[in-house]
Amino acid sequence: MSPLPKYFDGIRIPRYVFFVTLGGLMLFSGLHVGLILLMHQIGTDSIVLVHVVLLYWVAVSLGLTLYIQSQMRKFYEDPIRRIANAASQVARGDFSVYLRPVHTPDHLDCLDALTDDFNRMVEALGSIETLKTEFFSNVSHEIKTPIAVIMNTAELLRNDALPPEERREHVETIIHASKRLSTLIADILKLNKLEKQTISPQPESYDLCAQLCDCALQFENVWEKKGVEFEADLEDAREVCLDAGLMELVWTNLLSNAFKFTESGGTVTLWERTTPTEVAVCVADTGCGMDEQTCARIFEKFYQGDTSHATEGNGLGLALVKRVLEMMNCRISVESAPGQGTAFTVIIPINEGEQHESDG
């Protein structure tokens, strides 16, 4: 429940109801005395007097009860009924519901706290629903594209008169689209497992610098083919305690993006630095760069800031990177500007034991 203000005092009867009730009882008590004196003056029988007084107080009690009940209905029953109706709307999928506070800010009670929590819950559910809708829309689009390529190219292959060279090109197109579809499905499954935490990190001590070298060498053919210069500045060794398999996914995705967005003649740089409390690893390129709006959304699922390279990825790589690093208490930042390249920096916290082991 939301933190309650210091003047919170539980469910309270409005102040004016208290004074009206108190004043009414005092007034009716005075009338009671006057009624008895009047009936004595006119010589009313004592039995009749008792019955009249009883009927009088029954009427007073009934009136006060109805008044208090109406106030309770106004301030508590009706708001609870509105919350119940709103909850029913949310259950039917309407996340546009908003409930106003029952009382003024200086007289908040638990109903107001409940109302505030309900509004925040509905807002969160609405955001989740929007994300889920966008996710399925994006997945459908991403899956539909390679399937359409495969189907159209397969239709072309049905032509027996195709020259062998064109046939080979069409086969390569189908293979490329199939690999893209396979990669997309694998990334979706990985991300789903990471978000549901069915994959849990298995930290172990290993040489980070050796892992970075191995990951970079996987792209040797890429930088030679594109004519991209690769520079690395790493320590001889640096021991860290992380899940090596998951961290390999991080470095592979960051290096893949760097080479993908760097044109011929550009440079991709990989460096690593150590301080007493953390290890910093940076993957930088001299590619097209990104504006502030793109940088703010770069870790969203399926978001691709540069649509010219959309056929080379599915927009899930950086979402995977972000999730993996969060699971291992690491963080990532990005610095970029249009036409000036991009630099992703991963910060890995280290404890004193790991630092001494590496120094030794």
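Please read these numbers as outputs of a predicted model, since none were measured by experiment. Because only heavy atoms are used, hydrogens play no part in the values below, and waters and symmetry mates are left out as well, while side chains stay in.
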Review point. If every non-hydrogen atom of Leu99 is compared with every non-hydrogen atom of Asn119, which pair is closest and at what distance?
Key: O-ND2, 2.7 Å
Check your understanding: What is the minimum heavy-atom distance between Asp285 and Gly287, and which atoms define it?
Key -> OD1-N, 2.8 Å
Point to revise | Heavy-atom check, side chain of Asp243 versus side chain of Met328, under 4.5 Å | key: yes
Point to revise | Glu165/Arg168 ion pair, N-O < 4.0 Å | key: no
**Study point:** Close side-chain approach of Trp223 to Glu229, heavy-atom, < 4.5 Å
**Key:** no
Study note, to complete from the structure: For Leu156, the other hydrophobic cluster members (4.5 Å side-chain criterion, sorted by chain and number) are none
Point to revise | Test item: Ser88 side-chain N/O and Ala84 main-chain N/O as donor-acceptor pair under 3.5 Å | key: no
Study note, to complete from the structure: Rounded to the nearest 0.5 Å, the NZ atom of Lys260 sits from the CG atom of Asn253 at a distance of 9.0 Å
Check your understanding: Salt bridge or not for Arg273 and Asp233, using N-O below 4.0 Å?
Key -> yes
**Study point:** Hydrophobic cluster membership, Leu64 vs Leu35, 4.5 Å side-chain cutoff
**Key:** yes
Check your understanding: Is it true that Arg167 and Glu172 make a salt bridge, defined as a side-chain N closer than 4.0 Å to a carboxylate O?
Key -> no
Exercise for review: Output all residues satisfying ring-ring contact (aromatic ring centres under 6.0 Å, His included) with Trp271, sequence neighbours left out; order by chain, then residue number.
Suggested key: none
Practice item. Would you mind reporting whether Glu231 and Thr267 have side-chain heavy atoms less than 4.5 Å apart? Key: yes
Exercise for review: Could you please spell out the steps behind the side chain to side chain contact (heavy atoms under 4.5 Å, CB included) verdict for Phe344 and Ile332?
Suggested key: CA-CA 7 Å; Phe344 287 94; Ile332 185 171; 4.0 Å; yes
Check your understanding: So do the side chains of Thr252 and Gln218 get within less than 4.5 Å of each other, counting heavy atoms only?
Key -> yes
Point to revise | 4.5 Å side-chain heavy-atom contact, Phe230 and Thr269 | key: no
**Study point:** Joint hydrophobic cluster, Val149 plus Ile147, side-chain heavy atoms closer than 4.5 Å
**Key:** no
Check your understanding: How many angstroms lie between OG1 in Thr342 and CG in Leu254, if you round to the nearest 0.5 Å?
Key -> 11.5 Å
**Study point:** Pairing residues for His32 by the ring-ring contact (aromatic ring centres under 6.0 Å, His included) criterion, not counting sequence neighbours
**Key:** Trp57
Study note, to complete from the structure: For Pro338 and Met290 the tightest heavy-atom approach is CD-O, 3.3 Å
Practice item. Would you kindly confirm whether Phe28 and Val53 end up in one hydrophobic cluster when ILVMFWY residues are joined by side chain heavy atoms under 4.5 Å apart? Key: yes
**Study point:** Residue list, side chain to side chain contact (heavy atoms under 4.5 Å, CB included) with Ile80, at least two apart or on another chain
**Key:** Leu111
Point to revise | Thr274 side chain to Glu235 side chain, donor-acceptor N/O pair below 3.5 angstrom | key: yes
**Study point:** Where Ala258 and Val283 come nearest, the two heavy atoms and their spacing
**Key:** CB-CG1, 3.9 Å
Check your understanding: So does Asp236 have more than 12 non-hydrogen atoms from other groups sitting under 6.0 Å from CG?
Key -> no
**Study point:** Side-chain heavy atoms of Thr286 within contact of Thr262, under 4.5 Å
**Key:** yes
Exercise for review: Give a yes or no on whether Leu157 and Met151 share a hydrophobic cluster (residues Ile, Leu, Val, Met, Phe, Trp, Tyr; joining criterion: side-chain heavy atoms under 4.5 Å apart).
Suggested key: no
Exercise for review: Evaluate the criterion side chain to side chain contact (heavy atoms under 4.5 Å, CB included) for residue pair Trp251 and Leu208; output intermediate values, then yes/no.
Suggested key: CA-CA 11 Å; Trp251 310 131; Leu208 174 64; 3.7 Å; yes
Review point. In Å and rounded to the nearest 0.5 Å, what is the NZ to CG distance from Lys322 to Leu318?
Key: 10.5 Å
Point to revise | Any donor-acceptor pair under 3.5 Å from Ser61 side chain to Val58 backbone | key: no
**Study point:** Glu155: salt bridge (charged side-chain N to carboxylate O under 4.0 Å, His left out) partners, not counting sequence neighbours
**Key:** Arg158
Check your understanding: Does the side chain to side chain contact (heavy atoms under 4.5 Å, CB included) test come out yes or no for Leu217 and Glu220, once each step is laid out?
Key -> CA-CA 5 Å; Leu217 288 174; Glu220 185 175 5; 4.2 Å; yes
Check your understanding: Do Leu234 and Cys213 touch side chain to side chain, with heavy atoms closer than 4.5 Å?
Key -> yes
**Study point:** Neighbour count >12 (heavy atoms, 6.0 Å) for atom CD, Glu224
**Key:** yes
Point to revise | Gln211 backbone acceptor or donor facing Tyr206 side chain under 3.5 Å | key: no
**Study point:** Cluster check Leu255, Val334: I/L/V/M/F/W/Y, side chain < 4.5 angstrom
**Key:** yes
Study note, to complete from the structure: SG (Cys282) and CD (Glu272) are apart, to the nearest 0.5 Å, by 11.5 Å
Check your understanding: Can you list the residues that meet the side chain to side chain donor-acceptor pair (under 3.5 Å) rule with Gln202, with sequence neighbours excluded?
Key -> Ser200
Practice item. Can you measure from CD (Glu239) to OG (Ser205) and round to the nearest 0.5 angstrom? Key: 4.0 Å
**Study point:** Interatomic distance, Ile347 atom CD1 to Arg331 atom CZ [nearest 0.5 angstrom]
**Key:** 5.0 Å
Exercise for review: Take Met247 and Leu325 through the side chain to side chain contact (heavy atoms under 4.5 Å, CB included) test and state the conclusion after the steps.
Suggested key: CA-CA 8 Å; Met247 290 307 294; Leu325 293 175; 4.0 Å; yes
Point to revise | Over all atoms of both residues, closest heavy-atom pair of Val250 and Val324 | key: CG2-CG1, 3.7 Å
Practice item. Measure across Phe259 and Lys226 and return the closest heavy-atom pair with its distance rounded to 0.1 Å. Key: O-NZ, 2.7 Å
Practice item. Report yes if the side chains of Cys330 and Ile348 come closer than 4.5 Å at any heavy-atom pair, otherwise no. Key: yes
Review point. Would one find more than 12 heavy atoms of other residues, nucleotides or ligands at under 6.0 Å from atom CG of Leu22?
Key: yes
